[in-house]
There are 2 protein chains.
Amino acid sequence: MAGIPNPATKRARIADVALEAGVARSTAALALRDSPRLRVETRLAVQQAAERLGYVYNRSAARLRSGRSYVIGMLVCEITNPFYAELTAGVQAALESAGYAVLLANTAESPVRQRRMLERFREQSVDGIIMMPATGTPASLLDELDEWGLPCVTVVRGFRRGAHAGPDNATGTRLATEHLLRLGHRDIAFLGGAARNSVSSGRWEGYARAMTASGLMPLHLPCRTDMGEASDFVATLTSAGPTALVCFNDSVAFGASLGLLRAGRQPGRDVALTGFDDIREASSWFPPLTTVRVAAVDIGIAGARILLDRIQDPSAPARRETLAPTLMVRASCGAGLRLPAARRKARTT
Amino acid sequence: MAGIPNPATKRARIADVALEAGVARSTAALALRDSPRLRVETRLAVQQAAERLGYVYNRSAARLRSGRSYVIGMLVCEITNPFYAELTAGVQAALESAGYAVLLANTAESPVRQRRMLERFREQSVDGIIMMPATGTPASLLDELDEWGLPCVTVVRGFRRGAHAGPDNATGTRLATEHLLRLGHRDIAFLGGAARNSVSSGRWEGYARAMTASGLMPLHLPCRTDMGEASDFVATLTSAGPTALVCFNDSVAFGASLGLLRAGRQPGRDVALTGFDDIREASSWFPPLTTVRVAAVDIGIAGARILLDRIQDPSAPARRETLAPTLMVRASCGAGLRLPAARRKARTT
DNA sequence: CCGCGTATTTAGATCGATCTACTACTTTGC
DNA sequence: GCAAAGTAGTAGATCGATCTAAATACGCGG
């Protein structure tokens, strides 16, 4: 009867629904959760009663009793990095369709903030954690979370142990380096990724192995992994420098190409570039960026799935998933680049 | 005594802390919330007892009784857009320092997903909502949220009414347009922002007014607001086209500059560009992007503050904050651009 | 028509905090 | 010296769901 929910009267509770449907409170609760223990008719009757009253489920109450919150805590090391933003979107979408909500915190690479947020997540009694550890996080954090009884999955970055989803970094840079070698480059340097973490070391290793396998010396050009830094750094390189750069990620490659332009050099012609991640902007860049594709969204989805399985069965061994990368060959490595100079001449004739 | 929290035994409750400290449960609760109703010594004793037991506050229980969750729901229309990513970081930081956690959902511009997530937020009994309405959201959504008793603030995008924090879009594009006019441009077009929302109309208006004030015809070049689209669109413009583009936002401006390069034209020399937002990448772009600065982070912080005030006093009238933009003059509008060609010549001498 | 197993439904305790209203004990005022 | 006011602490109800264990209904063989 009550049709329209009235803001003045209080929100309907499960007891009200039970009354309206003419069943017991516990029956109503079961019906609203679609329990097979109830007859279909009963379930339907209760659900219709709930509809009539404009009943809204109160997960806070459920959470207190059942201990399950259907909330996952997510720690992102730097949400303003487009790769992590995409990954966040992937995680969120995957968890959303499994009925979970996502508590998000940006650690901005600070282990202190990271710790504070983990504690807050614990107070909020999240069902699990999905995180990219801030640079400098000790692996012992996993033990602590374990002690807290909080299932955890690392994504992209991780530790030697523990549930994890991430790209095969070494294979990725190996593919990129081998491609450049095939194109005839010999003086190839690795740009960016100074931080000592699993991602940096993996990407460096893939590059370095490919170089030494060809009898060449690997060279590390360290710079912070953002566009501005990379741009400044590359602008200082002279024409005597490397003819090709394997960049730590796409942002660094973008920075490198802008730096080259600033120095009056043409990315893709004067210096070949490869990136890593294949973020959305990579293909529409000029020149389009040759890069290692590891769909951030897919990593997010994989991480979410591992976490959900882990929540279901916390005793199962920690699963680790390494996503195979593919090389997206575009123009920035020198193949098939249409140069502005050439175009300009063509246009004026 | 119990020193180390034992994962085998259950988590300590407030009753355990009370026992350890030799006070009543309600006293312990007050002490843990630092209530001034208690003597300092009592508070300290309880807090130390909590420390000893490794007590962790259970907000789920508190939330059930008190109705306050210290969780805010945030709806982002497109988290992979760097501007919104920065805004998200701002909101998150501001709310975090006020003791709140943020439930995040990416609507990907879908009103359906937006609605679903709002309902989920409601179930989770968030204390408030901070959102950028997906394109096509009716203003009546505000009434619904009101009926639900959920305080809400819109950021960046919004409606005619309701609490809001956002940039002064019209002033921003007016500044940019006037700057281009001062530089002698007459054939200036507005690029991007086809969607019919408050942001698009505001930015178009500022541009159009400045044009008509100078006796010029405003021209809208509609294209979707992402880098790839803008790049494709601009690549088709001929040299007979406009000499300057006021772009809807930085991403569009980036796309435009890449599109010009593809067409063999030089952004900043052949065509002047201005952006909007001043995202991190704008200053390290080549050429550095002249753009309207409205710190995304500041909008996020302003939005968070308005929401928190609104939660404190829901009966107060909805506050609206418009952040004044400033024009960041850089090279992309043609002033002080050092051209690659010139540089290249200088380097070879 | 009884007993037994299975399918449904239910009563009442429970999760862990907060809130209200009350007690006990000081202090103050006159 | 006694009421009024103030201070510090407490008992017990309460939030709204879930869980456990038990009651009831139903079907069927004998």
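Keep in mind that this is a model prediction, so the values were computed, not measured. In what follows, every chain begins at residue 1, and chains take the letters A, B, ... in the order their sequences are listed.
With values rounded to the nearest 0.5 angstrom, B:R37 atom CZ is found 8.5 Å from B:S26 atom OG. Atom-to-atom distance recorded for A:I311:CD1 and A:L307:CG is 4.0 Å, nearest 0.5 angstrom.
When rounded to the nearest whole Å, the span between CZ of B:R33 and C1' of C:dA17 equals 8 Å. Rounded to whole Å, atom P of C:dA17 lies 14 Å from atom CZ of A:R63. Atom-to-atom, CD of A:Q124 to C1' of C:dA17 comes out at 14 Å; the value is rounded to the nearest Å.
Test B:T88, B:V76, B:L87 against B:V155 for side-chain contact (heavy atoms from CB on, under 4.5 Å) and you get one pass: B:L87.
Residues passing the side chain to side chain donor-acceptor pair (under 3.5 Å) test with A:R115 are A:E119, A:E144, sequence neighbours excluded.
By the 4.5 Å heavy-atom criterion applied to side chains, B:Y84 and B:I79 are not counted as neighbours.
When the side-chain nitrogen and oxygen atoms of A:Y57 are compared with OP1 and OP2 of D:dT18, one or more of them lie within a distance under 4.0 Å.
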Base, backbone or nothing for each nucleotide of nucleotides 9-16 of chain D, written B, S, -, heavy atoms under 4.0 angstrom, 5' to 3'?
BBBBBBBB

Residues A:L64, B:L64; criterion side chain to side chain contact (heavy atoms under 4.5 Å, CB included); working and verdict
CA-CA 8 Å; A:L64 175 58; B:L64 174 58; 3.4 Å; yes

